[in-house]
There are 2 protein chains.
Amino acid sequence: MGQPLSTTDKSPRRPNGRSARVRHQVLDAVRAQLVDGGFDLLTMEAVADRSGVHRTTVYRRWRDVGGLLADVLADATGDDWSPPQTGSLETDLAAVNREIHAALTADPPISTALIAASFRSPQAAEALRTFWADRHARCATIVRRAIDRGEVPADTDPRAVIIAATAPLYHTLVLLRSSADTGLAARSAHQVSVAARAGAFARPSSELLATGMRGSRVR
Amino acid sequence: MGQPLSTTDKSPRRPNGRSARVRHQVLDAVRAQLVDGGFDLLTMEAVADRSGVHRTTVYRRWRDVGGLLADVLADATGDDWSPPQTGSLETDLAAVNREIHAALTADPPISTALIAASFRSPQAAEALRTFWADRHARCATIVRRAIDRGEVPADTDPRAVIIAATAPLYHTLVLLRSSADTGLAARSAHQVSVAARAGAFARPSSELLATGMRGSRVR
DNA sequence: TCCCTAAAGCTATGGATGTAGCGATAAGAT
DNA sequence: ATCTTATCGCTACATCCATAGCTTTAGGGA
């Protein structure tokens, strides 16, 4: 909740006054505009008109649409999301994947809009990196619980498991833009959990021996 | 080599004359501009100036930057690329991943530019879909060879294996924009091949029985 | 060789986008 | 209460971006 001004990367010198009010008006306008106009109609001018804040002010503080979305994302961080807990690695991963699927196919497509914006604005890209780093860190508990249960070897790399499980879904929906069938979420979870149980996600530098052999040297 | 005009989706009525010459000039200019200017300087005006073709003509035939890149991509299809053949599923997948890694970190970043453009232009998005569909189809032979060798069950889904193996790399480099260490390519290949050998990539509707059990029903 | 016309060139123009400079306002310190 | 100055609002302007309408050129069939 640090209200970092996107443009200057430092907090406003007058955080309780007009600046804060303007920021709320603008971010509300961004969300509203995104809801009933989509990404295409999310323009600096539209946001300015909708918020009642002058155009030049929006330009000054947020620079471009990516900056606006980045600030919306920053405003949304610090929520209390925690990964689902269903009793097994596979079902946990599947549940996460279903949430991702829901987010990526939601209407209005806020997530997709943010990803698209990250290719235009370094600010949005950075905000997205931060967001994902946070989510990956939280999801690591899924793998740690599986380790505690003895489901997978102790040297399993949590981050690698999470990425392997979720990447196919992102890839299909975001990059290939094909309509992933509902089973993909579950199938990816299944495949990854099979590999993880076999010790394929052991950390390279670990002394603990995994069940599967590692070290697939390439060339 | 059907030279489909991107804008009209139909071939030019005079395919050997000025139209073709103009197309070559423009596509050459796009490639050149991309090489020594990057995506940011790839503008309609720059391409027009560089190619010697008038601005309005470039607009008429290609509409926007995405259209230009889409046509460049279409112009590049029909190459004779074929997946590497190294003797095992794991090393084949690793080799593919290394090619992807090289392409995504190449300078100038043509692949990344195309992906970015696909979020702005439906034409570029469609071209990219086509391109990837083609590549996935060709990569399927990697899995088929593994089936023939008896490395993996006969009902293994080739496309699912390819996507699972390559998605983490795309995800890391393109979406997370973090600098994937060189080992990621090999590790993903290893993990997927372990799961595939265990039968985790069996086609849902297959009558053939895989070695591993399937059917991870969710909820 | 001579038309016909598809396609390119050109000019003009409207709209969107982004910035500069300056005066006005109000947050917060004294 | 008063002053200082960060921040906003406003006007004007400079580009870019994209298209419309018209003229000119040249490919390719007769």
Side-chain angles (χ1 to χ4, degrees), chain A residues 3-30 33 37-71 117 120-124, chain B residues 3-30 33 37-71 117 120-124:
Chain A
Q3 268 88 344
L5 279 194
S6 316
T7 348
T8 58
D9 267 330
K10 56 182 178 178
S11 298
R13 313 270 169 88
R14 290 169 179 179
N16 296 320
R18 187 161 51 160
S19 298
R21 217 161 41 235
V22 163
R23 180 169 185 253
H24 270 119
Q25 287 173 246
V26 169
L27 294 194
D28 281 349
V30 170
Q33 184 71 10
F39 183 61
D40 294 338
L41 295 183
L42 185 69
T43 163
M44 296 296 270
E45 183 125 17
V47 170
D49 286 352
R50 187 155 199 157
S51 65
V53 173
H54 201 88
R55 246 174 21 141
T56 49
T57 300
V58 180
Y59 275 113
R60 262 199 288 257
R61 286 187 60 177
W62 289 274
R63 181 135 221 284
D64 56 21
V65 179
L68 286 171
L69 288 171
D71 204 18
R120 302 201 202 183
S121 153
Q123 283 179 74
Chain B
Q3 267 90 344
L5 279 194
S6 315
T7 349
T8 56
D9 268 330
K10 56 181 179 178
S11 299
R13 312 273 169 88
R14 289 170 178 178
N16 297 320
R18 191 160 49 158
S19 298
R21 214 160 43 235
V22 162
R23 180 169 185 253
H24 269 120
Q25 287 172 245
V26 169
L27 294 194
D28 281 348
V30 171
Q33 183 72 9
F39 183 61
D40 293 338
L41 296 182
L42 185 69
T43 164
M44 297 297 269
E45 183 125 19
V47 170
D49 287 351
R50 186 156 199 156
S51 66
V53 173
H54 200 89
R55 264 198 4 223
T56 48
T57 300
V58 180
Y59 275 113
R60 262 199 289 256
R61 286 188 59 177
W62 288 275
R63 182 138 222 286
D64 57 19
V65 178
L68 286 170
L69 288 171
D71 205 18
R120 302 201 202 182
S121 153
Q123 282 180 73

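Order of the sequence lines fixes the chain letters, A, B, ..., with proteins taken first and strands second; residue numbering starts at 1 for each chain.
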How does protein contact run along nucleotides 17-24 of chain D, one letter per nucleotide 5' to 3', with B for base contact, S for sugar-phosphate only, - for none, heavy atoms under 4.0 Å? SBBBB---
Which dot-bracket string describes DNA chain D (Watson-Crick N1-N3 plus N6-O4 or O6-N4, or G-U N1-O2 and O6-N3, all under 3.5 Å; [ ] crossing; | other strand)? ||||||||||||||||.|||||||||||||
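- Taking atom CG of residue A:Asp49 and atom P of nucleotide C:dA16, one finds them 11 Å apart after rounding to whole Å.
- At whole-Å resolution of the value, CZ in B:Arg21 and P in C:dA8 are 10 Å apart.
- Residues satisfying the side-chain contact (heavy atoms from CB on, under 4.5 Å) criterion with B:Thr43, sequence neighbours excluded, are B:Glu45, B:Ala46.
- In terms of the side-chain contact (heavy atoms from CB on, under 4.5 Å) criterion, residue partners of A:Ser121 (sequence neighbours excluded) are, by chain and number, A:Asp64, A:Gln123, A:Ala124.
- Side-chain contact between A:Leu42 and A:Leu69: present, with at least one pair of heavy atoms (C-beta onward) separated by less than 4.5 Å.
- Residues B:Asp28 and B:Arg50 have side chains not in contact (no heavy-atom distance under 4.5 Å, counting atoms from C-beta outward).
- Every residue two or more places apart in sequence or in another chain was checked for a side chain to side chain donor-acceptor pair (under 3.5 Å) with A:Arg120, and none qualifies.
- Taking each heavy atom of B:Leu27 and B:Leu68 in turn, the nearest pair found is CD2-O, 4.3 Å.
- Rounded to an integer number of Å, the gap from A:Gln25 CD to D:dT7 P is 16 Å.
- Distance B:Arg23 CZ to C:dA6 C1': 17 Å, rounded to the nearest Å.
- Residues meeting the side chain to side chain donor-acceptor pair (under 3.5 Å) test with B:Arg55, sequence neighbours left out: none.
- Here the P atom of nucleotide D:dA26 and the NE2 atom of B:His54 are 16 Å apart, to the nearest Å.
- Heavy-atom minimum distance, B:Val65 versus B:Met44: N-SD, 3.7 Å.
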